[in-house]
There are 2 protein chains.
Amino acid sequence: MSTKEPPCGLDAALAVMGGKWKPLILYHLNSGPKRFGDLKRLVMGVSEKVLIQQLRELAAAGVLTRHDYQRVPPMVDYTMTAFGTTLARALMPLCEWGTEHRNKIAEIMRSPERVESASHSVNLGRSTTS
Amino acid sequence: MSTKEPPCGLDAALAVMGGKWKPLILYHLNSGPKRFGDLKRLVMGVSEKVLIQQLRELAAAGVLTRHDYQRVPPMVDYTMTAFGTTLARALMPLCEWGTEHRNKIAEIMRSPERVESASHSVNLGRSTTS
DNA sequence: CTCGATACTTACCTTAAGGTCAGTACTACC
DNA sequence: GGTAGTACTGACCTTAAGGTAAGTATCGAG
């Protein structure tokens with residue numbers, strides 16, 4: 001019984017969209033195909049190397065397609081697949097939640113709520129913060 | 001203009017819920033208060049140390065409260081805050097998406113889609129896979 | 001000529017995140 | 001005595017993830 005499929009598919013979803021920049025990449029691509037340079041500007045703070053890497057992973061996961069126009073200088077665009085679109089749609093409530101609560105979250109990050117019996121500051125770390 | 005608040009709150013949301021086990025912790029706590037041991041069994045694969053750590057972080061972020069009954073042996077339970085409940089609700093579409101697509105995702109992870117001009121396997125890494 | 005644009009690749013580096021293991025303190029049961 | 005339960009703490013370790021910097025090749029503009 002302990003090896004049964006879990007009731008919640010969050011682990012599976014996170015296996016696809018997990019990565020520091022992937023959620024934002026998905027958000028931006030959901031509004032239409034984008035060139036590499038567009039994404040670089042829209043996903044503020046991402047390095048070229050990591051952007052390329054995570055785009056490739058998303059492509060490998062069938063979430064987006066990379067279309068190379070075989071030009072010099074290079075010209076490449078990235079488009080959501082139908083599968084990817086369903087994921088982006090499932091991410092929208094989280095996006096909205098974050099937008100609505102952005103001020104509260106910023107405040108909490110500045111001054112985390114005192115945790116009973118411990119009051120060290122929170123490190124939310126590498127993988128998800130910007 | 002480039003320092004304006006982003007249109008999408010995913011970064012803020014991820015600042016709160018980012019962490020390998022936090023989404024699943026949130027999912028399980030959404031169905032009612034839980035003892036530490038309950039969570040350890042429900043969130044399969046998590047180590048005690050990391051579970052404690054991420055519970056503390058979620059408490060510091062105001063998502064849940066920790067109630068210590070001051071007993072020996074220790075008796076502690078964790079309850080979602082109203083704020084946390086809004087987040088868990090925002091996560092449900094993603095949970096459902098993952099559940100629906102679990103088979104497809106498992107297949108992709110076994111055999112990632114060929115990426116144009118590269119065909120290396122996908123490593124979805126530490127922070128979000130189980 | 002230089003610089004800017006395009007979208008990458010590669011070498012190398014740092015460190016945050018998650019983990020194992022040992023320990024804590026008490027009770028109850030065998 | 002031992003084991004099991006409760007929920008932690010701290011020391012120590014590994015490595016995945018994200019990053020910087022340098023480089024690639026071509027075109028067009030000044």
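A note on names: the letters A, B, ... follow the listed sequences, proteins ahead of strands, and every chain is numbered from 1.
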Between CG on residue A:N30 and CD1 on residue A:I25, distance to nearest 0.5 Å: 13.5 Å

First of A:K49 and A:M75 reached from the 5' end of DNA chain C, by closest nucleotide: A:M75

Residue B:P74, side-chain heavy atoms: nucleotide from C:dG18, D:dT6, D:dG18 that is nearest: D:dT6

Nucleotide C:dC21, atom C1' - distance to CD1 of B:I52 in whole Å: 14 Å

Interatomic distance where CD belongs to A:E57 and P belongs to C:dC8 [whole Å]: 14 Å

Short side-chain N/O contact to C:dT9 OP1/OP2 from A:R56, under 4.0 Å: yes

Backbone of B:H28 reached by a side-chain donor or acceptor of B:K34 within 3.5 Å: yes

From B:L58 atom CG to B:L29 atom CG, the distance as rounded to the nearest 0.5 Å: 8.5 Å

Sugar-phosphate only, base, or nothing, as touched by A:R35 at under 4.0 Å among non-hydrogen atoms: sugar-phosphate

Residue-phosphate contact under 4.0 Å: A:R66 side-chain N/O, C:dA7 OP1/OP2: no

Value in whole Å for how far the P atom of C:dT6 lies from CG of A:L55: 15 Å

B:D77 or A:V46, whichever maps to the more 5' nucleotide of DNA chain D: B:D77

A:V63 backbone acceptor or donor facing A:T81 side chain under 3.5 Å: yes

Rounded distance in Å - CD (B:Q70) to P (C:dA25): 17 Å

Proximity to the side chain of A:E48 - top-ranked nucleotide from C:dC8, D:dA7, D:dG19: C:dC8

Nearest-Å distance for atom pair NZ/P, residues A:K40 and C:dA7: 8 Å

Salt-bridge criterion met for A:D11 and B:R102 (N-O under 4.0 Å): yes

Comparing A:V50 and A:V72 on DNA chain D - which has the more 5′ nearest nucleotide: A:V50

Rounded distance in Å - CZ (A:R71) to P (D:dC27): 13 Å

Sugar-phosphate only, base, or nothing, as touched by A:Y69 at under 4.0 Å among non-hydrogen atoms: nothing

Any A:K20 side-chain N or O less than 4.0 Å from OP1/OP2 of C:dA16: no

Length of the CG-P vector between A:L51 and C:dA7, whole Å: 10 Å

Rounded distance in Å - CD (A:Q53) to P (C:dA7): 18 Å

B:W21 side chain, from C-beta outward: closest of C:dG18, C:dT20, C:dC26: C:dG18

Nucleotide nearest B:V76 when distance is taken to its side chain, options D:dC8, D:dG19, C:dG18: D:dC8

